[in-house]
Visitor: 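First the structure, which I've put down as structure tokens, then a few questions once you've had a look.
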Amino acid sequence: MNSQLMDMLEARKAEMVQIRRHLHENPELSFKEENTSQYIIDFYKGKDVEIQTNAGNGLGVIVTIEGAKPGKTIGLRADFDALPITEETEVPFRSKNAGVMHACGHDGHTAYLLILADCLIKLKDSLTGTIKIIHQHAEETPPGGAKSIMESGILDKLDAVFGIHLFPSHPAGVVGYHGGYAMAGRTYFKLTVKGMGGHGSSPHLANDAIVAGAHFVTAVQTVISRRLDPFEMGVVTIGSFDGKGSFNVIKDCIEIEGDVRYMTEEAQQLIDQEVHRIVRGIEMEFDVQCELSYIPDYPPLYNDPDLTLFVKNSLESMEDKDIRSVLEFPMFSGSEDFSYYAEKIPGCFFYIGCKPKGVEKAYFNHHPKFDIDEDALLIAAKSMAQVVCLYFER
């Protein structure tokens with residue numbers, strides 16, 4: 001079955017590219033992916049599979065492929081939402097939707113998985129087990145789609161779950177992996193500081209919210225530098241400080257927004273505790289009122305070590321002209337809601353190099369000029385196919 005599946009995928013490489021370009025031209029934001037979801041549903045119509053639509057808290061699609069013989073059940077996941085970014089590439093299939101762009105490779109994830117799923121459907125009589133194809137909505141926007149899909153119970157019987165992500169840090173032909181904690185968890189926060197406005201000439205008659213907020217910006221950085229174990233990873237980012245007003249007026253209220261990244265739940269709990277402590281201190285020190293919204297949205301992504309070793313060994317055993325190297329990647333401080341699957345199910349989320357040919361330093365994911373080498377689509381499909389075939393042989 002393995003060699004037959006690889007031949008089928010190679011024969012359909014152009015179709016993967018065509019699907020990716022169609023999706024790239026027609027991106028849709030998280031929770032608004034009506035046309036993309038319908039495109040996926042239409043692709044499976046008439047095929048011998050069970051299709052569940054509106055999965056989770058949005059437009060997810062779960063496709064169940066039952067093999068001829070009973071066995072283990074695995075999940076393969078690809079996300080399909082886009083980002084609120086105005087595209088700046090010069091590709092002929094650039095986004096037709098103003099201010100929306102597939103700048104993170106989700107169009108490629110969906111394209112490879114659609115074709116791989118179709119090939120697996122055609123070979124289902126050779127399958128010993130069941131495969132659930134997870135086309136997931138809203139990866140980019142908390143609370144995301146993965147958490148709600150897990151909470152729905154649709155995937156309760158999975159023995160393992162696998163996913164991939166395209167990254168232009170490496171050229172096509174490089175596949176990456178990392179066991180254990182692999183990607184960071186993320187928390188969103190918003191702090192409102194309320195003081196008392198006044199004239200710039202009479203600060204003693206006012207209570208400056210900007211000064212209090214500026215103190216928070218400085219103090220919160222000490223959580224990482226002075227409270228977190230130096231062998232732990234943590235980042236606190238202030239992304240917005242809304243204190244605009246007149247140059248000679250003392251502001252009565254400001255808003256600060258940011259996010260926190262961490263690699264373990266223990267680090268998350270410590271940073272949470274310290275941020276709240278600093279806010280309480282600012283209230284006392286500056287006699288202001290603070291309202292803090294602090295919402296952990298994506299947990300750290302933990303790749304099951306044994307399953308990741310299996311993936312590594314499976315990929316290294318391939319004798320394929322397109323897959324040139326299998327490398328251990330470092331931990332990555334970005335976040336991924338695949339982590340919700342891997343919290344409950346043994347999971348492995350691995351990486352496919354997609355740096356465009358002839359480019360020394362590619363634009364990274366979420367950049368308006370982000371692009372991929374479309375050869376990576378076939379490599380993604382082959383890599384996942386290898387993992388699927390060997391998993392059912394374990």
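Throughout, residue positions are numbered sequentially from 1 according to the sequence presented. Remember, it's a predicted structure, so these values are computed and weren't measured experimentally. Side chains are part of it too, since the values below use all heavy atoms of this structure and drop only hydrogens, waters and symmetry mates.
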Visitor: With a 4.5 Å heavy-atom cut-off, do Phe31 and His137 have their side chains touching?
Guide: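 Answer yes - side chains close enough.
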Visitor: Is any side-chain heavy atom of Tyr262 less than 4.5 Å from a side-chain heavy atom of Leu270?
Guide: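 The answer is no; the side chains never approach within 4.5 Å.
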Visitor: Is the His165-Phe332 ring centre distance short of 6.0 angstrom?
Guide: no
Visitor: I need the Met233 CE to Ile224 CD1 distance, nearest 0.5 Å.
Guide: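 Here the interatomic distance stands at 8.5 Å.
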Visitor: How many angstroms lie between atom NZ of Lys344 and atom OG of Ser339, to the nearest 0.5 angstrom?
Guide: 11.5 Å
Visitor: Using the salt bridge (charged side-chain N to carboxylate O under 4.0 Å, His left out) criterion, which residues pair with Glu265? Sequence neighbours excluded.
Guide: none
Visitor: Enumerate the side-chain hydrogen bond (donor to acceptor under 3.5 Å, both in side chains) contacts for residues 80-89, please, sequence neighbours excluded, ordered by first and then second residue.
Guide: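 Non-adjacent pairs meeting side-chain hydrogen bond (donor to acceptor under 3.5 Å, both in side chains): His24-Glu87, Ser30-Asp81, Asp81-His106, Glu87-Thr89.
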Visitor: So, for Asn97 and Asn26, which heavy atoms are closest and what is the spacing to 0.1 Å?
Guide: ND2-C, 3.7 Å
Visitor: Please step through side chain to side chain contact (heavy atoms under 4.5 Å, CB included) for the pair Gln386 and Asp320, ending with a clear verdict.
Guide: CA-CA 11 Å; Gln386 175 79 351; Asp320 188 282; over 6 Å; no
Visitor: Between Glu28 and Ser37, does the side chain to side chain donor-acceptor pair (under 3.5 Å) criterion hold? Intermediate values first, please.
Guide: CA-CA 10 Å; Glu28 294 177 296; Ser37 183; over 6 Å; no
Visitor: For Lys32, I'd like to know if atom NZ has over 12 heavy atoms of other residues, nucleotides or ligands within 6.0 Å.
Guide: no
Visitor: Go through the steps to decide whether Asp371 and Arg20 satisfy the test salt bridge (Lys or Arg N to Asp or Glu O under 4.0 Å), and finish with yes or no.
Guide: CA-CA 12 Å; Asp371 196 12; Arg20 183 255 165 170; 3.6 Å; yes
Visitor: What's the verdict on side chain to side chain contact (heavy atoms under 4.5 Å, CB included) for Tyr39 and Leu114, showing C-alpha distance, side-chain angles and the deciding distance?
Guide: CA-CA 11 Å; Tyr39 180 90; Leu114 284 171; 4.2 Å; yes
Visitor: Kindly indicate, with the supporting measurements, whether the criterion salt bridge (Lys or Arg N to Asp or Glu O under 4.0 Å) is fulfilled by Asp375 and Lys13.
Guide: CA-CA 8 Å; Asp375 287 348; Lys13 177 182 177 181; 2.7 Å; yes
Visitor: Check whether more than 12 heavy atoms from other residues, nucleotides or ligands sit under 6.0 Å from atom CZ of Arg394, and answer yes or no.
Guide: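 Result for CZ/Arg394: enclosed.
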Visitor: With the side chain counted from C-beta on, respond yes when His135 and Ile41 share a heavy-atom pair under 4.5 Å apart, and no when they do not.
Guide: no
Visitor: Which of these passes side chain to side chain contact (heavy atoms under 4.5 Å, CB included) with Ile74: Leu158, Val388, Val161?
Guide: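 The passing option is Val388.
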Visitor: Please confirm whether the backbone N or O of Lys244 pairs with a side-chain atom of Lys251, one donor and one acceptor, at under 3.5 Å?
Guide: yes
Visitor: Could you tell me whether the side chain of Tyr298 and the main chain of Glu139 form a donor-acceptor pair under 3.5 Å?
Guide: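 Indeed, once roles are kept as given, a pair shorter than 3.5 Å links the two residues.
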Visitor: Give, for atom CG of Leu83 and atom SG of Cys104, the distance between the pair rounded to the nearest 0.5 Å.
Guide: 6.0 Å
Visitor: Any non-hydrogen side-chain atom of Asp337 less than 4.5 Å from a side-chain atom of Lys147?
Guide: no
Visitor: Tell me whether the count of non-hydrogen atoms from other residues, nucleotides or ligands lying under 6.0 Å of OH in Tyr363 goes above 12.
Guide: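 12 or below, so no.
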Visitor: Nearest 0.5 angstrom please: Lys157 NZ to Leu155 CG, how far?
Guide: 12.0 Å
Visitor: Where the side chain of Ser317 meets the backbone of Ser314, is there a donor-acceptor pair that is under 3.5 Å apart?
Guide: yes
Visitor: Indicate yes or no for a side-chain donor-acceptor contact from Tyr181 to the backbone of Leu301 under 3.5 Å, with no hydrogens or angles considered.
Guide: no
Visitor: Whether Glu274 and Arg277 form a salt bridge (side-chain N of Lys/Arg under 4.0 Å from carboxylate O of Asp/Glu) is what I want to check.
Guide: yes
Visitor: Aromatic contact between His170 and Tyr351, with the criterion being ring centroids under 6.0 Å apart: yes or no?
Guide: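 Here the rings of Tyr351 and His170 have centres that are no less than 6.0 Å from each other.
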Visitor: Would you confirm whether His22, through its side chain, and Gln18, through its main-chain N or O, come within 3.5 Å as a donor-acceptor pair?
Guide: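 Checked: no pair found.
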Visitor: How many angstroms lie between CG in Leu127 and NZ in Lys69, if you round to the nearest 0.5 Å?
Guide: 11.0 Å
Visitor: Minimum heavy-atom separation for Ile85 to Ala103, with atom names?
Guide: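 Scanning both residues completely, I find the closest heavy atoms to be CD1-CB, 4.0 Å.
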Visitor: Among Glu255, Glu291, Glu257, which one satisfies salt bridge (Lys or Arg N to Asp or Glu O under 4.0 Å) with Lys190?
Guide: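 So, applying the salt bridge (Lys or Arg N to Asp or Glu O under 4.0 Å) to Lys190 and each of Glu255, Glu291, Glu257, only Glu255 qualifies.
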Visitor: For side chain to side chain contact (heavy atoms under 4.5 Å, CB included), just list the numbers for Ile131 and Leu76, CA-CA rounded to whole Å, side-chain angles, deciding distance to a tenth of an Å, and then say yes or no.
Guide: CA-CA 7 Å; Ile131 302 172; Leu76 310 181; 4.0 Å; yes
Visitor: Taking C-beta and beyond as the side chain, do Leu292 and Phe216 meet within less than 4.5 Å on heavy atoms?
Guide: no
Visitor: Give me the atom names and distance for the closest heavy-atom approach of Ala117 to Tyr44.
Guide: CB-OH, 3.3 Å
Visitor: Should Asp304 and Phe310 count as side-chain neighbours, where that means a heavy-atom distance under 4.5 Å?
Guide: no
Visitor: Would you confirm whether Asp159, through its side chain, and Thr73, through its main-chain N or O, come within 3.5 Å as a donor-acceptor pair?
Guide: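 Pair found, side chain donor or acceptor close to backbone of Thr73.
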Visitor: Between Arg77 and Tyr341, is NZ or CZ placed under 6.0 angstrom from the six-membered ring centre and within 45° of the ring axis?
Guide: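 The answer is no; the distance or angle limit is not met.
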Visitor: Would you say the side-chain atoms of Asn365 pair up with the backbone N or O of Leu166, donor to acceptor, closer than 3.5 Å?
Guide: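 Checked: pair present.
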Visitor: Do Lys124 side-chain atoms and Asp48 backbone N/O form a donor-acceptor pair below 3.5 Å?
Guide: yes
Visitor: Kindly state whether the ring of Phe167 and the ring of Phe329 have centres lying under 6.0 angstrom apart.
Guide: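 No, they do not, as the ring centres are separated by 6.0 Å or more.
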Visitor: Let me confirm one number: the CG-OG distance from Leu23 to Ser95, rounded to the nearest 0.5 Å.
Guide: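 Between atom CG of Leu23 and atom OG of Ser95 there are 11.5 Å.
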Visitor: Does the Ser335 side chain pair with the main chain of Ala184, one donor and one acceptor, at a distance under 3.5 Å?
Guide: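 Pair found, side chain donor or acceptor close to backbone of Ala184.
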Visitor: Can a donor-acceptor pair be found, under 3.5 Å and without considering hydrogens, that links the side chain of Asp208 to the backbone of Ile250?
Guide: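 It does not hold such a pair.
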Visitor: The test is side chain to side chain contact (heavy atoms under 4.5 Å, CB included); show your working for Leu123 and Met8 and say whether it passes.
Guide: CA-CA 10 Å; Leu123 296 172; Met8 293 170 71; 3.7 Å; yes
Visitor: With the side chain counted from C-beta on, respond yes when Thr308 and Lys312 share a heavy-atom pair under 4.5 Å apart, and no when they do not.
Guide: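 No. Closest side-chain heavy atoms not under 4.5 Å.
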Visitor: With heavy-atom distances below 4.5 Å as the criterion, would you say the side chains of Ile295 and Pro142 are in contact?
Guide: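 No; the side chains remain at least 4.5 Å from each other.
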Visitor: Identify the residue among Tyr302, Phe162, Phe349 that makes a ring pair (Phe, Tyr, Trp, His ring centres under 6.0 Å) with Phe338.
Guide: Phe349
